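Only one structure is covered here, and it is reproduced in the block below.
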Amino acid sequence: MIKVRNIASCLCAISFATSAVYAQTPAYLDDNQDIETRVADALSRLTLEEKVAMVHAQSKFSSAGAPRLGIPEVWCTDGPHGIRPEVLWDEWEQAGWTNDSCVAYPALTALAASWDPSLSLLYGQSIGEEARYRNKSVLLGPGVNICRTPLNGRSFEYMGEDPYLSGQMVVPYINGVQQQGVAVCLKHYALNNNEVNRHTTNVILSDRALYEIYLPAFKAGVVEGKAWSIMGSYNLYKDQHCCHNQYLLNDILKGEWAFDGVVVSDWGGVHDTDQAIHNGLDLEFGSWTNGLTNGTSNAYDNYFLAHPYLQMIKEGKVGTKELDEKVSRILRLIFRTAMNRNRPFGSMNSEAHQAAARKIGAESIVLLKNASSKKQNALLPIDFNKMKKILVVGENAIKMMTVGGGSSSLKVQHEVSPLDGLKAVIGNKASIKYVRGYVGDPTGEYNGVKSGQDLKDDRSAEELTSEAVNEAKKADMVIFIGGLNKSDHQDCEDADRESYNLSYGQDDLIEALAAANKNLVVVNISGNAIAMPWIDKVPTVVQDWYLGSEAGYSLADVLVGNVNPSGKLPYTNYASLNQCGAHALNTYPGTWREDHKVIDEEYKEDIFVGYRYTDKNNLKPLFPFGHGLSYTTFKYGKATAAKSWSNGKSLKVEIPVTNTGKVDGAEVVQLYIQDVKCSVARPIKELKAFKKIMLKAGETATVSFELSEESLKYYNADKKEWTLEPGTFNIMIGSSSSDIRATLSVDHE
């Protein structure tokens, strides 16, 4: 017989044992503990071999955790426009999943063209939810490299030419993603401003240009957005590759900016074990391996921060201080993401995500021109009382754009083409006929993801043009939808464009269409500016973008007037490449050294990038930075400023803006600063504030800005600090960098 007291004794023993176990629970498992306590505790329990295993990849997109301690792996996914489909463990090809389709969001150049930080937050939240649903720890994006030349094949993944605009737009994106318990990986740090020769280009520029133009958006992402990881770029700076660069990573990023996240290498961006140890890199990916398929010489254990690093430690050639620092940062990332039990649940392909993509896309579209002269009525929005027969011309009206372009290529659940979007939105209000017009790239495949389209057409350019012109003569309106695509030497990673003009004979086709029908709308789909030799012959031009899953709906919403266009150019659309400093000064794409191993590319235009260069040289671009029309008009009133700078060292500036048209619309009010007299050369104007406001027809609203002292400073390279010289500053407020509506002067002692 078992006595009751014995049962009680057993229960006491079990209780005591359980209490003992809980008393010994490591801090790194306790969500209530401070993260730094958890990091220190986990670090103390790791073996040397476990630490080294954590600082390099174990597959194409993951790095090791510590299974013995229950610390999970770090899983990355390409972005920044959608969640990349799963690839095989050791290869780039598809894993063959059937549930890894995503919503594709507009390209980041499009997001920047919205000039709307609230949309950037929505974007980040939406894509972050999809990354969370797929259980990813790190989203490889967003990108904020400056558009120095319109030929850069990867500019569509970035946020334009202006450091302030890029910085203001990237912070909400970061916040939105990281609210989902997914880390962003801000990229590509730094000076990745062309794709041609990207692995061998050594960038030479002044410290002032570095700090004023090329670093501010990264700094905003780190200091204000508090990005949890950042990716080094392929190129060199100061003769060191940027993935292990003492000045960029240790001195600036981790020193001046106090970055506490993980520095991730771009795939194949690491070149030396010693530099990788000491020059700021934390996590190595993709060091020219095809996984285990190429044998042990290329396997993950032979990465620069793998066995070679472990061997150096065991031989006493290096200590473990740097290793512990790297692992601590990786642990911090894991506790913020995969081991954060408060992470919200994600969602994939939801109606809300599709609606977000459609909204962001529509609000990013830029109406560049809407009449060839004051005598001609605007063609947009489409007047269905007059336009009963609409002809749509161009390959981009039907071509899928989510597949291709490099690492941002996606596998989508669906993609609405411009032609299908127009048909759906227009309905029976008008008849729509489509003809090809030109053949660009009829293929559609990247890393095993296939668009499923066969766009092959064997007709000659003459036959295609003849058909388009004949049909144009019969139509009430012609909508040409062309531009660039995501093929090599278009908008695509690892290659730059070969020409500023459109490819595939599009320029000639547009001129022929303009001669055949005066009611011509040209829709340019691209991530970069293009030449427009036909601009004086075309009444209406729309800058469209790679808008993702809902692309066709977004465009149609604008063309028919369901959405009043409010996008503004995030870059200068030059009349020719001679208006761009990188080309006018013959510094792009650099000069090979005698050993033909490294290219030196000197940024001779210095701080004068984009509109700063055209302003300085009194050049008139095709369309200026910040330009964008509306279906309504806006009147700016008199700007006023407070009499003095407040104790908080800020100045309040106000201006009334009135919607003087007949339809509701949004305007982006832009504020630029000019230092009237300074000891160093400064731009004629620099963007320092902007606000997007929605006004009903006839409504007036006062737009207020708080201008900080920081906005008046320049970077003093001699003193290595930001400097404010006393004097007079002009505050210029307008609708674009060339359309200034109000100016006032303020003094700062």
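If you're wondering where the values come from, they're calculated on a predicted model, not measured in any experiment. For reference, positions follow the sequence shown, starting with 1.
To the nearest 0.5 Å, atom OH of residue Tyr247 and atom CD1 of residue Ile252 are 4.5 Å apart. Distance check, rounded to the nearest 0.5 Å: CG of Asp266 to NE2 of His241 gives 11.5 Å. From Leu484, atom CG reaches atom CD1 of Ile525 across 10.0 Å, with rounding to the nearest 0.5 Å. Between atom CG of residue Asn152 and atom CD of residue Glu157 there is a gap of 9.5 Å, rounded to the nearest 0.5 Å. Between the CG atom of Leu140 and the OG atom of Ser229 there is a distance of 7.5 Å, given to the nearest 0.5 Å. Considering CD1 of Ile213 and CZ of Phe608, their distance stands at 9.0 Å, rounded to 0.5 Å.
Side chains of Gln125 and Gln179: a donor on one and an acceptor on the other come within 3.5 Å. In this structure, a donor-acceptor pair under 3.5 Å is absent between the side chains of Tyr714 and Glu686. When only modelled atom types and interatomic distance are considered, Arg154 and Asn192 share no side-chain donor-acceptor pair under 3.5 Å. Judged by distance alone, the side chains of Asn193 and Tyr214 never bring a donor and an acceptor atom under 3.5 Å apart. Inspection of the Ser554 and Glu550 side chains reveals no N or O donor paired with an N or O acceptor under 3.5 Å. A donor-acceptor contact closer than 3.5 angstrom links the side chains of Tyr611 and Asp162.
For the pair Pro150 and Cys580, the minimum side-chain heavy-atom distance is below 4.5 Å. Using a 4.5 Å cut-off on side-chain heavy atoms (C-beta onward), Lys51 and Asp324 make contact. Side-chain contact between Thr109 and Tyr546 is absent, with no heavy atoms from C-beta onward closer than 4.5 Å.
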Should Asp600 and Asn202 be marked as a side-chain hydrogen bond (donor to acceptor under 3.5 Å, both in side chains) after you check the CA-CA gap, both sets of side-chain angles, and the distance that decides it? CA-CA 5 Å; Asp600 286 321; Asn202 178 59; 3.0 Å; yes

Show, in sequence, the C-alpha distance, side-chain angles and deciding distance for Tyr613 and Glu161, and conclude whether the side-chain hydrogen bond (donor to acceptor under 3.5 Å, both in side chains) test is met. CA-CA 11 Å; Tyr613 187 84; Glu161 73 181 33; over 6 Å; no

Test ring-ring contact (aromatic ring centres under 6.0 Å, His included) on Trp115 and Phe625 and set out the steps. CA-CA 12 Å; Trp115 290 62; Phe625 172 80; 5.4 Å; yes

Go through the steps to decide whether Met231 and Trp267 satisfy the test side chain to side chain contact (heavy atoms under 4.5 Å, CB included), and finish with yes or no. CA-CA 10 Å; Met231 181 184 290; Trp267 272 234; 3.8 Å; yes

Decide yes or no on ring-ring contact (aromatic ring centres under 6.0 Å, His included) for His199 and Trp288, but give the supporting numbers first. CA-CA 12 Å; His199 297 282; Trp288 303 127; 5.4 Å; yes

Is there a side-chain hydrogen bond (donor to acceptor under 3.5 Å, both in side chains) between Asn528 and Tyr571 once you walk through the steps? CA-CA 8 Å; Asn528 275 304; Tyr571 52 64; over 6 Å; no

Show your reasoning for whether side-chain hydrogen bond (donor to acceptor under 3.5 Å, both in side chains) applies to Ser114 and Glu363. CA-CA 6 Å; Ser114 76; Glu363 295 200 28; over 6 Å; no

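Taking the charged nitrogens against the carboxylate oxygens, Glu710 and Lys688 have no contact shorter than 4.0 Å, which rules out a salt bridge. Salt-bridge check for Asp100 with Lys411: passed, with a basic side-chain N closer than 4.0 Å to an acidic carboxylate O. At a threshold of 4.0 Å, the pair Glu36-Arg332 counts as salt-bridged, since one of the basic side-chain nitrogens sits closer than that to a carboxylate oxygen. A salt bridge links Arg198 and Glu195; the closest N-O separation between the charged side-chain nitrogens and carboxylate oxygens is under 4.0 Å. Remark: Arg134 does not engage Glu130 in a salt bridge, criterion side-chain N to carboxylate O under 4.0 Å. The pair Asp260-Arg336 meets the salt-bridge criterion, with a side-chain N (NZ, NE, NH1 or NH2) lying under 4.0 Å from an Asp/Glu carboxylate O. Between Arg208 and Asp606 no salt bridge is recorded (no basic side-chain N to carboxylate O distance below 4.0 Å).
Between the side chain of Asn245 and the backbone N or O of Leu248, at least one donor-acceptor pair lies under 3.5 Å. A donor-acceptor pair under 3.5 Å is formed between the side chain of Ser233 and the backbone N or O of Ala190. No donor-acceptor pair closer than 3.5 Å links the side chain of Asp491 to the backbone N or O of Phe156. One N or O on the side chain of Ser166 and one on the backbone of Met159 form a donor-acceptor pair closer than 3.5 Å.
Counted within 6.0 Å of NZ on Lys254, heavy atoms from surrounding residues, nucleotides or ligands total more than 12; the atom is thus considered enclosed. Residue Tyr164 places its OH atom among more than 12 non-hydrogen atoms of other residues, nucleotides or ligands, all under 6.0 Å distant.
Taking the ring centre of Tyr588 as origin, the terminal cationic atom of Arg148 falls outside the region bounded by 6.0 Å and 45° from the ring axis.
Relative ring orientation between Tyr105 and Tyr123 is described as tilted, the plane-to-plane angle lying within the 30° to 60° band.
Taking the six-membered ring for Trp, Phe61 and Trp92 have ring centres closer than 6.0 Å.
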